[in-house]
Amino acid sequence: MRRVTISFYAAALAVLTFGVWWVPSASSAKERSGSSGIPPEKAAAYVYAVIKADRTLYTTEIVNRLQAKGVTTASEHWEQENALMLPAQFLQHSGKLAAEDGSGVRYRLIGLWPIYQRNAPASDLERNGLESLRKNPDLPVTGIVNSGRKQYFQAIYSDLAVSQACIDCHNGHRLSPKRDFKLNDVMGGIAITIPLE
Ligand code: HEC
């Protein structure tokens, strides 16, 4: 299996993006584990775990909670409406910030029937990956991507219609090309890309 010293830097950055302040140094982590690196599958799974936890927390404890209490609502046009951003926007925006940081880590929400074309699959790996997730939602799709002279590892995890809100909003959205999502459908995926050394 190909191994990568996941730039602990990258992991640290992802962690920092999400506001956790415990950051081990690359050398001390290596000394402790005695290994030459973390397999990319694992590194991607770690990043995914953090993204997932933060998205869940933002959805349940911020958006849903404040909406239920009547404090504020979440809206796609949150900037104009003094509202909270949607969880999908939270993920896309934090992915953009992480990418700007220069660590090479990237992540975004993609779909075969995207509300916005920018969220459509950007490669064969992403397109075939989303197709395969429709059949096997529990089996993340992985592959190697070349960009310029650099190699990246990409993992795509399924994104399921876990609540009625997901399908109501997407089925009813003016720009949605698909209007018959059902509960538990695979609506898309979270694509995570990490640089290989
Ligand atoms: C109130 C509306 C709304 C709700 C609720 C909602 N979404 Fe979305 N979703 C959006 C919008 C708007 C985007 C595009 C965000 C962007 O990139 O700016 C989006 C993007 C996505 C994408 C990327 C592909 C695309 O359509 O652009 C996926 C996958 C997705 N949502 C899945 C979900 C899932 C799963 C849920 C429920 C857990 C959910 N959405 C709930 C509005 C919503």
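Whatever order the structure lists ligands and atoms in, that order sets their numbers, starting from 1. Everything numeric here is computed off the predicted structure, so don't read it as measured data.
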Exercise for the section: Any pair with a residue in residues 123-158 that passes ring pair (Phe, Tyr, Trp, His ring centres under 6.0 Å), sequence neighbours left out, goes on the list, sorted by first then second residue, please. Expected result: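 Matches after skipping sequence neighbours: Y48-Y157.
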Exercise for the section: Pull out every atom of ligand 1 sitting under 4.0 Å from any heavy atom of Q92, numbered as shown with elements. Expected result: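 So the answer, numbered in order with elements, is 17 (O).
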Practice task
Check each atom of ligand 1 against the heavy atoms of E76 and keep those under 4.0 Å away; list them by number with element.
Solution key: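 Every atom of ligand 1 under 4.0 Å from some heavy atom of E76: 12 (C).
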Looking only at protein heavy atoms, identify the closest one to [atom] and say how far it is in Å.
atom	answer
atom 14 (C) of ligand 1	Y116 CD1, 3.6 Å
atom 35 (C) of ligand 1	L160 O, 3.1 Å
atom 16 (C) of ligand 1	R118 NH2, 3.3 Å
atom 32 (C) of ligand 1	D159 OD2, 3.3 Å
atom 5 (C) of ligand 1	A165 O, 3.4 Å

Problem - Distance in Å, H93 NE2 paired with M85 CE, rounded so as to fall on 0.5 Å steps - result: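 Answer rounded to 0.5 Å: 5.0 Å.
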Completion exercise
NZ (K96) and CD (Q89) are apart, to the nearest 0.5 Å, by 9.5 Å
Handout entry: Side-chain donor/acceptor of S158 to backbone N/O of L160, under 3.5 Å
Key =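 No; zero donor-acceptor contacts below 3.5 Å.
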Handout entry: Polar side-chain atom of S176 near backbone of H170 as donor-acceptor pair, under 3.5 Å
Key = yes
Problem - Y58 six-ring centre to R55 NZ/CZ under 6.0 Å and within 45° of normal - result: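 Judged by the rule (NZ or CZ under 6.0 Å from the ring centre, within 45° of its axis), R55 is not positioned above Y58.
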Handout entry: Row check, F181 ring normal vs K178 NZ/CZ: under 6.0 Å, within 45°
Key =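 So K178 does make the cation-pi contact.
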Practice task
Give the contacting part of V162 toward ligand 1: side chain, backbone, both or neither, where contact means a heavy-atom distance below 4.0 Å.
Solution key: side chain
Practice task
Answer with yes or no whether the side chains of Q67 and T73 bring together a donor and an acceptor at under 3.5 Å.
Solution key: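 No.
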Handout entry: Any side-chain donor near an acceptor of the partner, Q151 and E197, under 3.5 Å
Key = no
Exercise for the section: Check whether any heavy atom of I190 sits under 4.0 Å from an atom of ligand 1. Expected result: no
Problem - side-chain contact (heavy atoms from CB on, under 4.5 Å) against K69, all qualifying residues, sequence neighbours excluded - result: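 For K69, the residues satisfying side-chain contact (heavy atoms from CB on, under 4.5 Å) (neighbours in sequence not counted) are R65, V71.
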Practice task
For A53, check side-chain contact (heavy atoms from CB on, under 4.5 Å) against everything at least two apart and list the hits.
Solution key: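 side-chain contact (heavy atoms from CB on, under 4.5 Å) list for A53, sorted by chain: empty.
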Problem - Heteroatom proximity flag, N119 to ligand 1, N/O under 3.5 Å - result: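 Yes: some nitrogen or oxygen of N119 is under 3.5 Å from one in ligand 1.
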Completion exercise
Within a distance under 2.8 Å of atom 8 (Fe) of ligand 1, the protein atoms of type N, O or S are H170 NE2
